[in-house]
Enquirer: 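Just dropping this structure here.
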There are 2 protein chains.
Amino acid sequence: MTSAATVSTSAEERRSELLRAAYLVMARDGVHRTPLARVAEEAGVSKGLLLYHFQSKDALVLKTLEWVLDTTASRIRQALAESSERSAAISVVVDAVWVGPDQNRDFFRFYLDGLEHQTRSPQFEELGDLARTIINGLYREVIESSTTLSGADSEAATTTMRAIIEGFFLQWLQTHNWKTNHQRYRDRCLLAVSSMLALSAGRISDR
Amino acid sequence: MTSAATVSTSAEERRSELLRAAYLVMARDGVHRTPLARVAEEAGVSKGLLLYHFQSKDALVLKTLEWVLDTTASRIRQALAESSERSAAISVVVDAVWVGPDQNRDFFRFYLDGLEHQTRSPQFEELGDLARTIINGLYREVIESSTTLSGADSEAATTTMRAIIEGFFLQWLQTHNWKTNHQRYRDRCLLAVSSMLALSAGRISDR
DNA sequence: CAGCCCTGACTGACCGGTCAGTCTAGGCTC
DNA sequence: GAGCCTAGACTGACCGGTCAGTCAGGGCTG
């Protein structure tokens with residue numbers, strides 16, 4: 001059992017290394033601008049190995065997308081767990097989402113590359129559902145734990161919250177000084193999300 | 001002069017035809033998935049001609065982006081002009097923006113392709129500014145003409161409005177049944193934008 | 001008006017390079 | 001030594017960009 005576990009773990013670990021390398025270079029340079037050879041180089045490995053562990057470039061891209069989605073959600077959940085106050089949960093999430101210029105820029109561009117693939121290649125069909133499950137699930141938890149919203153109301157609030165956050169990311173990305181603008185857009189984003197949730201909760205409690 | 005004008009007009013017209021064809025196929029299939037030959041085929045023209053009128057594929061892509069941004073803004077302004085009521089301006093814009101599933105899907109995917117290019121290729125540096133000028137300019141006009149907001153307040157509201165709209169588009173794009181979901185997301189988007197503007201105006205008038 | 005020339009839009013063949021995916025041979029581990 | 005890994009040479013397809021040359025039209029000259 002130990003040996004089997006070691007072998008499979010080692011294979012898993014190797015795969016993770018490859019995914020990490022793939023994410024690193026593909027997020028920065030763009031999926032369509034990144035040859036497998038470049039990923040292999042980054043991982044210090046041959047191109048053949050990538051095709052050995054993943055069957056095709058598309059498969060590698062898909063796995064990388066899933067990997068980074070999982071990883072990121074875990075990181076944010078972690079940040080959430082470390083802050084005990086329920087009331088400030090929204091601000092904690094928004095802060096955790098807006099980690100930093102470079103990290104956000106890479107992630108979001110890669111996320112958009114994923115969307116490009118999802119809408120044009122059958123292989124990536126389920127990606128939208130996966131992203132929705134992970135992202136909306138996370139946001140909804142936060143909303144239900146820190147407001148009075150529930151049911152269809154929290155579902156609607158979740159969608160709007162996601163729209164606001166991703167919309168701000170979109171605009172921030174189009175900015176020349178994305179490094180210095182990061183804080184400004186994060187603040188505006190937090191304000192918009194907070195206002196929207198306060199309004200939603202108010203509306204509900206008014207009836 | 002007549003002949004000179006005719007000549008230049010004809011060249012312009014031809015260029016427009018090429019841009020229209022380029023948009024048609026590139027928006028649907030994705031810039032990186034579209035060879036010049038495919039655009040040429042769509043335009044009923046040789047590949048060489050594309051490189052004759054535009055110097056490179058990148059240049060063609062950039063011009064197409066600018067063309068569709070201009071065209072779309074004009075269309076929306078038109079819709080706005082045809083509705084006389086000032087009070088409903090927001091709902092008119094949102095409706096005009098959410099024209100229809102196919103049109104929105106093509107435009108937005110192409111818009112995202114533009115963003116991908118902007119953040120990765122120096123040639124597309126100015127694209128962010130151009131989009132900002134056109135889109136935010138349009139939204140801001142509407143906000144200032146239909147609310148009491150002005151100055152920094154309308155600027156902030158504009159950014160948030162754009163974030164909400166584009167954020168909803170992003171989520172809608174990730175949906176399997178984007179055709180049938182179009183109306184639902186449009187409605188939610190309108191609600192979110194209206195609420196946000198009412199809240200902003202209220203906040204201002206409260207001080 | 002007839003012949004001429006020039007211009008510039010346009011074509012299609014072609015080239016050089018790139019890249020995903022294949023294959024073979026070798027090595028490491030159990 | 002059997003089976004999993006890994007390397008890296010190789011291939012075939014594809015694609016952006018070049019270039020020589022065609023063709024139509026529109027002046028200009030005599």
Side-chain angles (χ1 to χ4, degrees), chain A residues 1-22 25-26 28-65 113 116-117 120-124, chain B residues 1-22 25-26 28-65 113 116-117 120-124:
Chain A
M1 187 171 128
T2 310
S3 66
T6 305
V7 168
S8 95
T9 299
S10 149
E12 273 319 301
E13 278 174 6
R14 169 48 61 107
R15 232 161 253 155
S16 285
E17 290 169 21
L18 298 182
L19 291 177
R20 181 171 276 109
V25 46
M26 283 180 168
R28 192 182 53 227
D29 296 345
V31 172
H32 288 294
R33 302 172 196 266
T34 306
L36 286 177
R38 182 67 195 81
V39 175
E41 183 191 0
E42 180 65 39
V45 123
S46 79
K47 190 179 65 162
L49 190 65
L50 289 172
L51 277 320
Y52 172 78
H53 282 289
F54 309 92
Q55 302 83 337
S56 65
K57 184 183 181 180
D58 271 359
L60 171 62
V61 172
L62 183 55
K63 291 291 185 193
T64 308
L65 249 355
D113 263 359
E116 195 270 351
H117 280 71
R120 298 206 243 251
S121 168
Q123 293 188 53
F124 292 80
Chain B
M1 189 169 127
T2 308
S3 65
T6 305
V7 168
S8 97
T9 298
S10 150
E12 273 319 300
E13 277 174 6
R14 169 47 62 105
R15 232 161 253 157
S16 284
E17 289 170 22
L18 298 181
L19 290 177
R20 180 171 277 108
V25 45
M26 282 181 169
R28 192 182 53 228
D29 296 345
V31 171
H32 288 293
R33 302 172 196 266
T34 306
L36 286 178
R38 183 68 194 79
V39 175
E41 183 191 359
E42 180 66 40
V45 123
S46 79
K47 189 180 64 165
L49 189 65
L50 289 172
L51 278 320
Y52 173 80
H53 282 290
F54 310 93
Q55 303 82 336
S56 65
K57 185 182 181 181
D58 271 0
L60 171 63
V61 171
L62 184 56
K63 291 293 185 193
T64 308
L65 248 355
D113 262 0
E116 195 269 352
H117 280 72
R120 299 207 242 250
S121 168
Q123 294 187 54
F124 292 80

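Bear in mind the structure is a predicted one, so any value in this text is a computation, not a measurement. Per chain, numbering begins at 1; letters A, B, ... match sequence-line order.
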Enquirer: Of the residues in residues 38-57 of chain A, which ones touch DNA chain C at a heavy-atom distance under 4.0 Å?
Expert: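 Those residues are A/Lys47, A/Leu51, A/Ser56, A/Lys57.
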Enquirer: With A/His53, which residues qualify under ring pair (Phe, Tyr, Trp, His ring centres under 6.0 Å), at least two apart?
Expert: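 For A/His53 there are no ring pair (Phe, Tyr, Trp, His ring centres under 6.0 Å) partners, ignoring immediate neighbours.
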Enquirer: Quick one: which of C/dA20, C/dC10, D/dG16 gets closest to the side chain of B/Arg14?
Expert: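 It is C/dC10.
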Enquirer: To the nearest angstrom, how far is B/Leu36 atom CG from C/dG12 atom P?
Expert: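 Rounding to the nearest Å, CG of B/Leu36 and P of C/dG12 are 16 Å apart.
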Enquirer: Strictly by salt bridge (Lys or Arg N to Asp or Glu O under 4.0 Å), give each pair with a member in residues 31-46 of chain B just once, sequence neighbours left out.
Expert: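 Every salt bridge (Lys or Arg N to Asp or Glu O under 4.0 Å) pair that includes a residue of residues 31-46 of chain B, provided the two are not neighbours, is A/Glu116-B/Arg33, B/Arg38-B/Glu41, B/Arg38-B/Glu42.
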Enquirer: Expressed in angstrom and rounded to an integer, what is the separation of A/Arg33 atom CZ from C/dA20 atom C1'?
Expert: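 It is 18 Å, rounded to the nearest whole Å.
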Enquirer: What about the rings of B/His32 and A/His117, do their centers lie closer together than 6.0 Å?
Expert: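 No, the ring centres sit 6.0 Å or more apart.
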Enquirer: Test of understanding: with side chain to side chain contact (heavy atoms under 4.5 Å, CB included), list the residues that count as partners of A/Ser56, not counting sequence neighbours.
Expert: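 Counting only residues at least two positions away or on another chain, A/Ser56 forms a side chain to side chain contact (heavy atoms under 4.5 Å, CB included) with A/Asp58, A/Ala59.
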Enquirer: Tell me: NE2 of A/His32 to P of D/dC15, nearest whole Å?
Expert: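 Roughly 13 Å, once rounded to whole Å.
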Enquirer: Going by the rule side chain to side chain contact (heavy atoms under 4.5 Å, CB included), which residues pair with A/Leu51 if we only count those two or more places apart in sequence or in a different chain?
Expert: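 Here the qualifying residues are A/Leu36, A/Lys47.
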Enquirer: Under the side chain to side chain contact (heavy atoms under 4.5 Å, CB included) test, which residues partner B/Leu19, sequence neighbours left out?
Expert: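 Residues passing side chain to side chain contact (heavy atoms under 4.5 Å, CB included) with B/Leu19: B/Phe54, B/Leu60, B/Lys63, B/Thr64, B/Trp67.
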